[in-house]
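Quick notes on the structure that follows.
Indexing begins at 1, ligand by ligand and atom by atom, following the structure's order. We're numbering straight along the sequence, starting at 1. The model shown is predicted, which means the values in this text are computed figures rather than measured ones.
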Amino acid sequence: MNKVDFEQFIGSFSFDGRLAQADITGSIAHVQMLVKTRIIKSGEGKKIISGLQSILRDLKKGKNLPKEEDIHYAVEKELIRRIGQLGGKMHTARSRNDQVAMDLRLYLRKETDNCINLIEEFQRILIKKAEENINVIMPGFTHLQPAQPVLVSHHLMAYAWMMQRDKERFYDCRKRMNISPLGSAALAGTSFKIDRHYTARLLGFDGVCENSLDGVSDRDFAVEFTFCVSMLALHLTRFCEEIILWMNPEFAYIKIADKFTSGSSIMPQKRNPDCAEVIRGKSGRIFGDLTALLTIIKALPLTYNRDLQEDKPPVFDACDNIKMCMEVMNEMAAGMKFVKENTLKSMEKGFIAATEIADYLARRGVPFREAHGVVKQIVLYCVKNSKTLNELTLHEYNKFYPKLYPAFKTDIYKYIDLKNIVEMKTSYGATSRRSVEKQINSMKNLLNRKGK
Ligand code: ARG
C-alpha cells in the first residue's frame, strides 16, 4: 500500500483549485486597499496587481499552478516567482483564514446566481408547457389515487411555484452570503489601518462582517447554499417521479425525447426514463453533501479550525450536480409532450366526477356528509354493474336519494362533464382555465421583475 502523502493530506490543493479566480480577484482588491491606505506604495501595488493579472490570464488559458498546500499559497508563490520578493507584501494585514472565507463567498455568490438563472429558465419552460396544454385535462391525484380532474397546466404551474420559492430562498441566502469577512485577518483583526469597507465595495459585497472572530469561522452561507440546493433537488425529484410514472405505459400521459431514455439490454420493448431517475438519484448525494457540511461544522470551537477546509468538496459537489440536474431537466421538460387522449382515457374508469355529485346534492340542501354517503353507494353500484357515472340513467340516480324527489335532474350530466367540472373551479388559485391563466400572468410578472 502506498504511504499517505502528508502534505497532501493536510492540504486542500487537490480540491480547491476552482477558487483561484475568486482568490486573485480578492487579492487584487486587497492590494488596492493597501495602496489606498498607504500601507504599501502605489508602484508596489501596481506591480503586484499586474503580476496577479498575468497569473489569472494564464489560468484562463488552462495553465495550472504548481502544487502547493492550497490554492492561496499556490497563487502567492507563483506571484513571487513572477515579480520577486515584493509579491510577499500582498499578504500584509491578511491571513489565509479571512482569505479563504472571502474566496468561498465570492465563488458561491456566482453559483447562487447560476442557480437562480437555471431556475428561471425552468419556470419559463413550465409556463410555456402550461400555455401549450391549457385545454388538456388530467386526473389530479391524492394518495396517488385519481381524485378530481385538473388542467395539466395547473399541475405544471404547481412546480413553477415551487421553483419560485426555491429562487426566493437563493436570493435570501445571497444576502447573508454577500458580506465581506476580508480584514478579519487570522481572527482578531489587525493593527494596520486597513479599510474593510473599501475592499467590500470593490468586490461587490453589501457590507462587512461585524465581528472578526465570526468572520473567519462562519460557514453558514455554505450550509444555507447547500440547503437551497437540496430543496431544489428535492423538488426536482418530485417532478422526476411524475415523469417516470407518466411515461409508464399504464399511464402514457407524456412522451419525452429518446435521448433522455435508454433501452433495456434484454427487453426490447422498454424505454427507461434514465435521466429522470438519475436526477432523482443525485438528490441523495446532494442531501449527503448538506449532512456532511453540517457535521463538519458541528461543535467547532471559535474560530478557524482546519476541519473547515473539508467544507469544499461537499459544497462543490452540490454545485456541480445541481447544475447538471437543472440543465438536463430544462432540456427534458422543454421537449415533453402530453398525450391528451390518454390523460382523458384514464379518467373514464376512476369515478373522478364523484365529488361533483356530492357537491350537486349539497347545493340542493343535502348535508354534505349525507351526500358523500349517497355517492359512495352510487359508485359501488357502478362498480357492481360495470357502469360509468355518465352511463347511469336519471332513474337510477334518483333511486339513491328518495328523500328528495327528484334529487337529480338532467343537469346532473353537465355537472359530471369533465370539462365543465374543471371550468367550475373558479376559486382563487383553482384549476379553471381563467384561474390558471391568472396564475400564469402573475408568474410572468414576477419573472419580469429582476431580483424576485
Ligand atoms: N486551505 C485552508 C482552507 O481551505 C486555508 C486556510 C488555512 N488556514 C490555516 N490557518 N491553516 O481552509
Side-chain angles (χ1 to χ4, degrees), residues 4-31 52 55 59 64-80 87-111 177 179-192 194 196 199 203 209 211-226 289-290 292-320:
V4 174
D5 176 340
F6 208 68
E7 299 243 309
Q8 190 175 331
F9 180 72
I10 59 170
S12 52
F13 193 71
S14 60
F15 53 77
D16 67 5
R18 61 169 85 193
L19 292 180
Q21 191 167 337
D23 194 73
I24 295 176
T25 309
S27 290
I28 292 176
H30 178 66
V31 172
L52 287 169
I55 299 174
L59 281 172
N64 286 330
L65 295 174
K67 187 170 151 200
E68 283 298 335
E69 185 186 307
D70 59 25
I71 188 65
H72 324 292
Y73 269 148
V75 170
E76 187 175 329
K77 297 229 165 116
E78 181 63 22
L79 180 68
I80 294 172
K89 290 207 172 183
M90 169 175 76
H91 211 54
T92 315
R94 184 178 79 172
S95 147
R96 278 185 300 155
N97 296 353
D98 57 342
Q99 190 179 354
V100 69
M102 189 258 337
D103 288 7
L104 196 56
R105 284 176 190 256
L106 277 189
Y107 181 85
L108 291 181
R109 186 174 74 184
K110 203 162 174 193
E111 292 295 342
M177 179 187 289
I179 300 293
S180 173
L182 208 58
S184 299
L187 74 161
T190 171
S191 50
F192 286 101
I194 56 170
R196 292 189 59 202
T199 36
L203 294 168
C209 306
N211 179 309
S212 63
L213 305 178
D214 187 35
V216 293
S217 71
D218 172 27
R219 293 293 182 275
D220 294 1
F221 61 94
V223 179
E224 281 191 52
F225 171 83
T226 312
D289 293 330
L290 176 61
L293 268 181
L294 289 167
T295 315
I296 290 162
I297 301 166
K298 171 180 176 290
L300 282 187
L302 288 178
T303 57
Y304 178 84
N305 297 272
R306 196 58 172 260
D307 320 41
L308 287 176
Q309 176 167 286
E310 290 296 320
D311 60 359
K312 285 162 209 73
V315 86
F316 293 158
D317 185 73
C319 284
D320 295 345

For ligand 1, which atoms have a heavy atom of [X] less than 4.0 angstrom away?
{"X": "Gln309", "answer": "1 (N), 2 (C), 3 (C), 4 (O), 12 (O)"}
{"X": "Asp70", "answer": "1 (N), 2 (C), 5 (C)"}
{"X": "His72", "answer": "5 (C)"}

Q. Can Lys312 be said to touch ligand 1, with heavy atoms closer than 4.0 Å?
A.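 Under 4.0 Å: yes for Lys312.
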
For [X], which part has a heavy atom under 4.0 Å from ligand 1: side chain, backbone, both, or neither?
{"X": "Arg306", "result": "side chain"}
{"X": "Glu69", "result": "neither"}
{"X": "Asn97", "result": "side chain"}

Looking only at atom types and distance, does a side-chain atom of [X] sit under 3.5 Å from a main-chain N or O of [Y], one as donor and one as acceptor?
{"X": "Asn305", "Y": "Pro301", "answer": "yes"}
{"X": "Arg94", "Y": "Leu182", "answer": "no"}
{"X": "His30", "Y": "Thr92", "answer": "yes"}

Sub-4.5 Å side-chain heavy-atom contact between Val100 and Asp70: no

- Query: Does an N or O anywhere in Tyr304 fall below 3.5 Å from an N or O of ligand 1?
  - Reply: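 There is such a contact, yes.
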
Could you point out which residue of Asp317, Asp103, Asp320 forms a salt bridge (Lys or Arg N to Asp or Glu O under 4.0 Å) with Arg18?
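Per the salt bridge (Lys or Arg N to Asp or Glu O under 4.0 Å) rule, the option paired with Arg18 is Asp320, out of Asp317, Asp103, Asp320.
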
### Message
Can you see whether Tyr73 has Arg96 sitting over its ring - NZ or CZ less than 6.0 Å from the centre and within 45° of the normal?
### Response
yes

